[in-house]
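Below: the structure, in C-alpha cells.
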There are 2 protein chains.
Amino acid sequence: MEYTKKQMTIIEAAEKLFAEKGFEGASVRDIAHEANTNVSMISYYFGSKEKLMEAVFDRRMEGSRAQLEALYYDQSLTTFQKIYALIDAYVGKLTSQPYFNKIWMREQVESQSCVIADKIEGVRERNFAVINRIVKDGQELGEFKHEIDCSLMMALLIGTTNQVLNNAKHYRRKHDLEKMSDDDFRTHLKETLTSYLKTVFKALLTYEA
Amino acid sequence: MEYTKKQMTIIEAAEKLFAEKGFEGASVRDIAHEANTNVSMISYYFGSKEKLMEAVFDRRMEGSRAQLEALYYDQSLTTFQKIYALIDAYVGKLTSQPYFNKIWMREQVESQSCVIADKIEGVRERNFAVINRIVKDGQELGEFKHEIDCSLMMALLIGTTNQVLNNAKHYRRKHDLEKMSDDDFRTHLKETLTSYLKTVFKALLTYEA
DNA sequence: TTGTTTTATTCAAACGTTTGTTTGAACTTT
DNA sequence: AAAGTTCAAACAAACGTTTGAATAAAACAA
C-alpha cells in the first residue's frame with residue numbers, strides 16, 4: 001500500500017471537495033476539516049495542494065491501464081464482446097467514481113496544471129490505442145464495416161456517458177423514477193445507458209449508411 | 001442594446017478568463033486587466049463577480065429559445081430535416097462559442113451558484129421539450145420508430161459534441177490534420193461531426209435493433 | 001451661446017478576509 | 001534518544017469589494 005490510512009482519508013476528502021467546488025474553489029482548510037485533520041498535514045504529507053490533486057488522480061488511474069490491456073488480449077472474447085466489455089468497463093468506472101468523474105470533466109475542459117493535463121492525455125492515448133486495435137481486428141475478421149472513426153466513436157462513448165451521469169437528475173424526472181431508491185435508480189440508469197450505448201455501437205460498427 | 005461597449009468588453013474578457021481558468025481561478029483583477037480597465041469597474045457595472053458571470057450567461061442565452069421554437073414551427077421542414085437542423089444548430093452554436101462552451105461544461109458539472117444552475121436547467125428543459133415534440137411528431141407520421149429515449153438522445157448529442165470539441169487537438173493529431181490551417185480544421189471538424197451525428201441519429205430514429 | 005449644477009465614470013489606494021504554506025513547540029511512536 | 005506526527009499560530013500574498021477624490025459627460029438655466 002502506497003498511502004497510509006491517514007493519507008487516504010485526506011485524498012478522499014480532497015476528491016469529494018474538488019468534485020463539488022473545483023480545484024480553486026475547495027480550500028485546503030475545507031479539505032482538512034472534511035478529513036478531520038489539521039491544515040498543515042496536507043503540506044506535510046503531499047507537499048502542496050496541487051500535489052494532492054495529483055495524488056487524487058494517481059489513485060484513480062492505477063490499474064485501469066492493465067485492465068484495458070487484459071481486455072484486449074482476452075482470447076475468450078469475440079471482437080464484438082470486447083467492444084461491449086469496453087462499454088461496460090467505461091460506464092461502470094464512471095458510475096462507481098462519481099466524484100472523480102466530475103473532477104475529470106472539469107480538468108479536461110482546460111487543466112491549469114500541466115502534470116494533470118499530461119495524465120489525462122496519457123489515458124486518452126492508451127484508451128484510443130486499445131479501441132483502435134479492437135476495431136481493426138474486427139474489420140479484418142469482416143465483423144465490422146470499413147468506415148469507422150475511432151476518435152469520434154470514443155468521444156461518443158465518453159461524452160454521452162458523462163452527459164448522462166451529470167444530468168442524472170433530469171433523466172430521473174423525465175422518466176418518473178423519483179420514488180425509486182437512489183441505489184435502484186443508479187443501477188437502472190447504468191443498465192439503461194449500457195444497453196443504449198451497445199445498440200448505438202452495434203449500428204456504428206455494422207450499419208452501412 | 002442592453003450593455004454599453006465598455007460593459008461588453010468586460011463581459012468578453014470575463015468569458016475568456018472564466019473559460020480558461022474557471023470561475024474561482026479567474027480573479028477580478030485578471031479580468032479587469034484583460035478588459036483594459038480598472039478593477040472597481042466590475043463592481044461598479046455588475047455589482048459583483050458572480051453577477052458578472054450571470055451577465056456572461058445571459059448574453060449567450062438570449063435568442064436561443066426563439067431560434068429553437070422557430071425551428072419547431074417551420075412548416076417547410078420534414079421531421080427528419082428538423083432533427084438535422086437541430087444537430088446543425090447545436091454543433092454550430094458550440095463551435096462558434098468555444099469560450100462559453102467551456103464555461104457551460106464546467107458549470108454544469110456542479111454549479112456553485114443556484115442562479116446559474118437554474119439557467120442551465122431552464123435551457124435543458126426547453127431543449128428537451130422541443131426534441132420531444134419533434135420526435136413525437138415523427139413517430140405519429142410513422143417516420144420514426146417507437147422506442148426512442150429523448151433524454152439519452154439529447155445527452156448523446158450534447159455529450160458527444162462537447163467531448164469532440166474539448167479534445168479537438170487529439171482528433172487533429174490522430175487524423176494527421178496538423179498542417180491544415182486552424183480555420184480550415186475547425187470547419188472540417190464541424191462538418192465531420194455534424195455528418196457523423198446525423199448518421200447516428202438516423203440509426204437511432206429508424207433502425208430497429 | 002454661456003456658466004453652473006448634476007450625474008456618470010475612472011482610478012489608486014485601502015478594506016477586511018481568505019488563501020496556501022511554514023513554523024516551532026508539544027506529543028507519539030519507534 | 002530519535003524519528004515521525006500533530007496542532008495552534010503566524011506568514012506573506014492574493015482575494016472580492018469599497019472608498020473618496022478626480023475627471024468627463026450630460027442636463028439645465030441664463
Side-chain angles (χ1 to χ4, degrees), chain A residues 1-59 103 106-107 110-117, chain B residues 1-59 103 106-107 110-117:
Chain A
M1 180 157 71
E2 198 172 348
Y3 294 112
T4 65
K5 269 185 193 172
K6 188 100 199 172
Q7 286 169 315
M8 277 308 292
T9 310
I10 296 174
I11 288 179
E12 272 164 9
E15 185 178 70
K16 183 183 174 199
L17 292 179
F18 285 154
E20 286 174 353
K21 306 182 170 195
F23 178 74
E24 318 274 350
S27 76
V28 290
R29 281 172 180 81
D30 288 341
I31 296 167
H33 185 258
E34 176 77 27
N36 288 308
T37 187
N38 190 274
V39 215
S40 61
M41 302 314 289
I42 285 167
S43 299
Y44 179 69
Y45 280 123
F46 300 95
S48 69
K49 188 186 181 185
E50 194 163 291
K51 293 264 181 61
L52 173 57
M53 175 63 116
E54 289 173 29
V56 168
F57 262 77
D58 289 339
R59 180 247 186 149
I103 296 176
R106 271 215 170 91
E107 291 298 313
E110 192 131 347
S111 171
Q112 295 276 67
S113 153
C114 289
V115 188
I116 300 291
Chain B
M1 179 157 71
E2 196 172 350
Y3 294 113
T4 66
K5 271 185 194 171
K6 188 99 199 172
Q7 286 168 315
M8 278 307 293
T9 310
I10 296 175
I11 287 179
E12 272 164 8
E15 185 178 71
K16 183 184 174 198
L17 293 178
F18 285 155
E20 287 174 352
K21 306 181 169 196
F23 179 73
E24 318 275 350
S27 75
V28 290
R29 283 171 179 81
D30 286 342
I31 295 167
H33 185 258
E34 176 79 28
N36 288 309
T37 187
N38 191 274
V39 214
S40 62
M41 302 315 287
I42 286 167
S43 298
Y44 179 69
Y45 279 124
F46 300 95
S48 69
K49 189 187 181 185
E50 194 163 292
K51 292 265 181 62
L52 173 57
M53 176 62 116
E54 289 173 29
V56 169
F57 262 78
D58 290 339
R59 180 247 185 149
I103 296 176
R106 271 215 171 91
E107 290 297 313
E110 191 132 348
S111 171
Q112 294 278 67
S113 153
C114 289
V115 188
I116 300 291

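Reminder, nothing fancy here: chain letters follow the sequence lines and each chain counts from 1.
Look at CZ on B/R29: it is 7 Å from C1' on D/dA14, rounded to the nearest Å. Counting to the nearest Å, the P atom of C/dT18 and the NZ atom of B/K49 are 15 Å from each other. Counting to the nearest Å, the C1' atom of D/dT6 and the NE2 atom of A/H33 are 17 Å from each other.
The phosphate of C/dT22 (OP1 or OP2) has no side-chain N or O of A/S40 nearer than 4.0 angstrom. Considering only side-chain N and O atoms, B/S48 lies nowhere under 4.0 angstrom from the phosphate OP1 or OP2 of D/dG16. Between B/Y44 and C/dT10 there is no side-chain N or O to OP1 or OP2 distance below 4.0 Å. Considering only side-chain N and O atoms, B/Y45 lies under 4.0 angstrom from the phosphate OP1 or OP2 of C/dT10.
Using a 4.0 Å heavy-atom criterion, one finds that A/S43 contacts the bases of the nucleic acid, with or without backbone contacts as well. Across all strands shown, A/A26 has heavy atoms under 4.0 Å from sugar-phosphate atoms exclusively, and none from any base.
Side chains of A/E12 and A/R59 form a contact here, defined as non-hydrogen atoms less than 4.5 Å apart. When side chains are defined from C-beta on, B/E107 counts as touching B/F57, because their heavy atoms get closer than 4.5 Å.
Distance from the side chain of A/V28 is smallest to C/dT21 among C/dT21, C/dA12, D/dC15.
Note that CD of A/Q7 is 11.0 Å distant from OG1 of A/T37, once rounded to the nearest 0.5 Å.
Between the side chain of A/K49 and the backbone N or O of A/F23 there is at least one donor-acceptor pair closer than 3.5 Å.
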